[in-house]
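Both ligands and their constituent atoms are indexed starting at 1 by order of listing.
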Amino acid sequence: MKNFISTILVAAACMCAATFAMAEDHGCISSPNGVTDVYLFTDNGKAYYQVEHHSNPFISTSRLGLVTNAFDFSELEYVGIEQSPLEGCYEMNRTKASKAEFKVNQAVVTFRNPKGETLQVEFRVGNNDVAFRYIIPKAGETGSVRIMNELTEFSFNDSPSHNYVKTYLTPQSHALIGWKRTKPSYEEYYGIGNPVDAKNDYGHGYTFPALFQLGGDGWVLVSETGVDGRFCGSRLSEYYETSGNVEGLVGASYKIEFPMPDENNGNGTSEPAIAIPGATPWRTITLGKTLAPIVETTVAWDHIEPLYETKHDYKFGKSAWSWIVWQDASMNMPDQKAYVDFASEMGLPYLLVDALWDEKLGYEGIEELAAYAKSKNVDLFLWYSSSGWWNDIVQGPYNIMSNPILRKRDMRWMKEIGVKGIKVDFFGGDKQETMLYYESILSDADDNGLMCIFHGATLPRGWEKLYPNYVGSEAVRASENLVFSQYECEQEAQAACLHPFIRNAVGSMEFGGCFLNERLSRGNNRGTTRRTTDVFQIGTLVLYQNAVQMLALAPNNLTDAPQLCLDFVKEVPTTWDETRYIAGFPGENVVLARRNGDKWYVVAVNAVDQPLEVNVKDVLKELGIEKASVRLIDGGNDPKESKASASTKISVSKNDAAVLVIG
Ligand code: CA
């Protein structure tokens, strides 16, 4: 079947709009090297785009358009296109790469609705990334619009029996469900390799990013970026069927959806509003014959600019964190000081003081702890609930971040006592009101030299570039679930082998991992049982990218964990100059390389029964390294370090990992 589809897909190349006899073709925007083409056409008063990659239709006939309260751009007539090459390069210090460059052909396509009102679509077409957004020019007296519906579709040619397109999607949950009615929070399971018509538990579509495999032809990652306080976070709808643009195939379609009305406890609208002239955020499509362009993409940051400059020199690194293993009962001064001592002993620059500190330590207690930590070269991050009027959280402090007066008061206090960052938890959803709230926290925090991490939170959409003090978000089923559920421990390796291809491909992921307890509890003698090896756990510090890593280590690990693992935790950086895909398949295994300075850290992780075979020679070749010293850490729960050479072959079993340090 695969071959059959490949053949007809190839035959269909450059025959855009095959099923639209009356369609008017409005030309094509090609990427600089010509491997990616975006075709535009109108048919029966509606506008469409298609994307071909290596002459295969990767995105089939997909609708463009917007409906606003002032202008209806659902029916569109083509007016014209202006194209020009565009390139840029920029630096980052908190993502998968420290330098990024992009080369695109930029096209501004102008459409007119039947009333003669103008809508533009700006495309930026790179070799492996397509980004586009809508621009609404000023029209008469109208200075703002509410966008009631974005018609943008992402459609794929699929076989009628749905065995060509495979999906790697995580659904949007109902609003106001889960613990303390805190959902949605981007913490649902992924469907792995499902057909497009697979059902999910909720019926609200899927959160970004969304990964699709097109038979043997390649991969597509759909997401969005540049979402700030002036728009909502969007998602993909449920799957529906449209007509395919190749004879014998069907169109498997998803469209942009705005937040659900009951998110944020029903406060704020679902439909974003923008001032005009204005633009929507970028919708992004990353395309690859292999998974490398998906893992390595920087499209989340290419087409956006910082929203403010900072005068602070934020320092990233590793942090201890008592809550993850010792839980709520550890919010007392002796335990927090024990964790300060642990952080100090391990050379970790930070301690995250999690929920309930307001009640159990008080503000004066935090001042005492901050001073004690400072004397040991450790600085604090403080947890806050974001809520608020949108859930039932009673873990304090709450009702502070949501109140600008109290928020600024606490932030000034934190600055005075030398706190370096905040972790804000339990947000209310993706409405524009909530996005503005994230931005307000970030902006006020930067005024006070505070880094921000968000939990119980939405996907960051280019935030490492927009906000200089933004560090990372959870937006994943993170380490807490390993403590809560044995099922999660059984699935840990599988989930780990998804994130480099999906969630962590578009933004920093604050997972809070690296357990070296065998049992995930205080005392290391009860609770859930870890199924992955010690080397797997330290390997996640390379696998998961976040510029501040909250570690799930506990003080007992100083005496009960392998010294080699502790040494690696001390050594491994948290910021990266470069990230490279070497091998792997979502949910099965991954070999990923990250460079810091002149050292490459390579992690190979396996989630399936079949051993993952890695030849050091192939890794070196892939990284373009002819000669280097290579250290290998493997051995599972009995870790050992050895010198490796080009001829070294590594075999990684299920739930295990190997780490190479090159250079
Ligand atoms: Ca969470």
Q) Is the Ca ion (ligand 1) less than 3.0 Å from at least one N/O/S atom of E474? A)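 Yes - counting backbone and side chain alike, E474 has an N, O or S atom under 3.0 Å.
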Q) Between W321 and Y339, is the ring centre distance below 6.0 Å? A)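 No, they do not, as the ring centres are separated by 6.0 Å or more.
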Q: Dump the intermediate steps for ring-ring contact (aromatic ring centres under 6.0 Å, His included) on F212 and Y168, then the final yes or no.
A: CA-CA 6 Å; F212 300 87; Y168 297 79; 9.0 Å; no
Q) So which N/O/S atom does E187 have closest to the Ca ion (ligand 1)? A)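 Nearest N/O/S atom: OE2.
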Q) Which single N/O/S atom of E480 lies at minimum distance from the Ca ion (ligand 1)? A)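 The Ca ion (ligand 1) is closest to the E480 atom OE2, counting only N, O or S.
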Q | Stacked cation flag K423 on F381, 6.0 angstrom / 45 deg | A |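 No, K423 does not lie over the aromatic ring of F381.
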Q: Output, in order, the C-alpha distance, side-chain angles, deciding distance and verdict of ring-ring contact (aromatic ring centres under 6.0 Å, His included) for W389 and Y398.
A: CA-CA 10 Å; W389 50 83; Y398 56 94; over 10 Å; no
